[in-house]
Undergrad: 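Supplied in structure tokens, the structure appears directly below.
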Amino acid sequence: DAEVTVECNPDSVDPVKLLAYRAAGVNRCSFGVQSLRPHVLAALGRTHDPHGVTRAVSAARAAGFERFNLDLIYGAVGESLDDWRATLDAALAFEPPHVSAYALTPEPGTPLGEDRARHPDDDVLASRYHLVDRRLTEAGYAWEEISNWARPGHEARHNWLYWAEGEYAGVGCAAHSHLSGTRSWNVRTPQRYIDVVARGEVPAAGEETLDAPARRFEALTLLLRTRLGVPSDSFGDIEALGDLIDVHRDRAVLTLRGRLLANQVSAALDDGALGAHL
């Protein structure tokens, strides 16, 4: 009864490969679509085109995948609001059970991180987020976590495992694992991963073990990002958060504006209250 997910690039899957995944027990695919506008895909450095997404989704359905996710990114240089709207319309036309939509995040040390001209504007990202939340809600999707929406019954079980700080084993390059309170991550590049495994060595690049207070704080921070929220007395002064939080049955849940400012809300968690809830 496990949910087994494989992340797929639209231009690197085909019917034979997808049938092999199903035969091996994989029952969910997550497609790295990012955008359905050719010039935006080029700006993101992606090698597929919108037609490739159509082929991949059709092949997945033909192989028997009833559960799949489309992964989108907004905020790329050259992407207009109309481009983002067109991507959402095209994505919804596939009738995916689950959609993830992430703001473009410049990581230090990457070409994107070093090129400030390609950094997205915060107000632009906010407008994109408002649009995706509205369009998906109107289409019958419910938000489960800041960047994830699903049709009823199609929530990503492995995502909820992450958000609840459960245990998981990551296989493949750059995959993360969390076992017995220790988090580890594998080497990043495919060839290096293959070489390490071929030598019979463990492919982990590093690991960390959080102490109890840090784990409690992280657990509340992760839950705060979800529709479940956290106990309302997790905050020292919840009134100061104003319209960033809604309180329902003693649970504090982020509002739409609160989702945009989740890091600031997390910073208001009361250290003294943490141990009482976890």
Undergrad: Give a yes or no answer on whether the side chain of Thr105 reaches the backbone of Ala103 with a donor-acceptor pair at less than 3.5 Å.
TA: yes
Undergrad: Indicate yes or no for a side-chain donor-acceptor contact from Glu3 to the backbone of His158 under 3.5 Å, with no hydrogens or angles considered.
TA: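 Yes.
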Undergrad: Salt-bridge test for Glu218 and Arg183: reply yes if a basic N is under 4.0 Å from a carboxylate O, no otherwise.
TA: yes
Undergrad: Of the non-hydrogen atoms in Tyr141 and Pro97, which two are nearest, and what is the gap between them?
TA: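 Taking every non-hydrogen atom into account, CE2-O, 3.9 Å.
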Undergrad: Show, in sequence, the C-alpha distance, side-chain angles and deciding distance for Phe68 and Val57, and conclude whether the side-chain contact (heavy atoms from CB on, under 4.5 Å) test is met.
TA: CA-CA 9 Å; Phe68 65 91; Val57 171; 3.9 Å; yes
Undergrad: Which heavy-atom pair separates Thr209 from Gly181 by the least distance, and what is that distance?
TA: CG2-O, 3.6 Å
Undergrad: Whether the side chain of Thr226 engages the backbone of Glu144 through a donor-acceptor N/O pair (distance < 3.5 Å, no angle test) should be reported.
TA: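 Answer holds: no.
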Undergrad: Would you call the rings of Tyr168 and His178 parallel, tilted or perpendicular if under 30° counts as parallel and over 60° as perpendicular?
TA: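 Ring orientation, 0 to 90° scale: tilted.
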Undergrad: So that I can tick it off, tell me whether Arg55 and Asp11 are bridged by a salt bridge, with the cut-off set at under 4.0 angstrom between side-chain N and carboxylate O.
TA: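 Looking at Arg55 together with Asp11, the answer is no, because their closest N to O distance does not fall below 4.0 Å.
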Undergrad: Only counting residues at least two apart or in another chain, list the ones meeting salt bridge (Lys or Arg N to Asp or Glu O under 4.0 Å) with Arg251.
TA: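 Salt bridge (Lys or Arg N to Asp or Glu O under 4.0 Å) list for Arg251, sorted by chain: empty.
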Undergrad: Salt bridge (Lys or Arg N to Asp or Glu O under 4.0 Å) for Arg61 and Glu95? Distances and angles first, verdict last.
TA: CA-CA 11 Å; Arg61 283 203 163 102; Glu95 299 184 346; 5.0 Å; no
Undergrad: If you group Ile, Leu, Val, Met, Phe, Trp and Tyr by side-chain heavy-atom gaps below 4.5 Å, do Val26 and Leu19 land in one group?
TA: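 Not linked; separate clusters.
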Undergrad: Can any side-chain N or O of Arg151 pair as donor or acceptor with the backbone N or O of Ala139 at less than 3.5 Å?
TA: yes
Undergrad: Does Thr221 use its side chain to pair, donor to acceptor, with the backbone of Ser266 at less than 3.5 Å?
TA: no
Undergrad: Could you give me the CA-CA distance, side-chain angles and deciding distance for Ser147 and Ser100, then say whether side chain to side chain donor-acceptor pair (under 3.5 Å) is met?
TA: CA-CA 6 Å; Ser147 300; Ser100 301; over 6 Å; no
Undergrad: Could you go through Asn9 and His48, starting from their C-alpha distance and side-chain angles, then the distance that decides it, and tell me whether this counts as side-chain contact (heavy atoms from CB on, under 4.5 Å)?
TA: CA-CA 8 Å; Asn9 290 323; His48 66 271; 5.8 Å; no
Undergrad: Could you walk me through whether Tyr21 and Val4 pass the side-chain contact (heavy atoms from CB on, under 4.5 Å) test, one step at a time?
TA: CA-CA 10 Å; Tyr21 289 159; Val4 184; over 6 Å; no
Undergrad: Got a list of side-chain donor-acceptor pairs under 3.5 Å for residues 188-198, not counting sequence neighbours?
TA:
from: Gln191; atom 1: NE2; to: Asp195; atom 2: OD1; distance (Å): 2.9
from: Tyr193; atom 1: OH; to: Gly172; atom 2: N; distance (Å): 3.2

Undergrad: Let's go through Tyr162 and Leu222 carefully: what are the C-alpha distance in whole Å and the side-chain angles of both, what is the deciding distance for side-chain contact (heavy atoms from CB on, under 4.5 Å) to 0.1 Å, and is it a yes or a no?
TA: CA-CA 8 Å; Tyr162 303 150; Leu222 289 170; over 6 Å; no
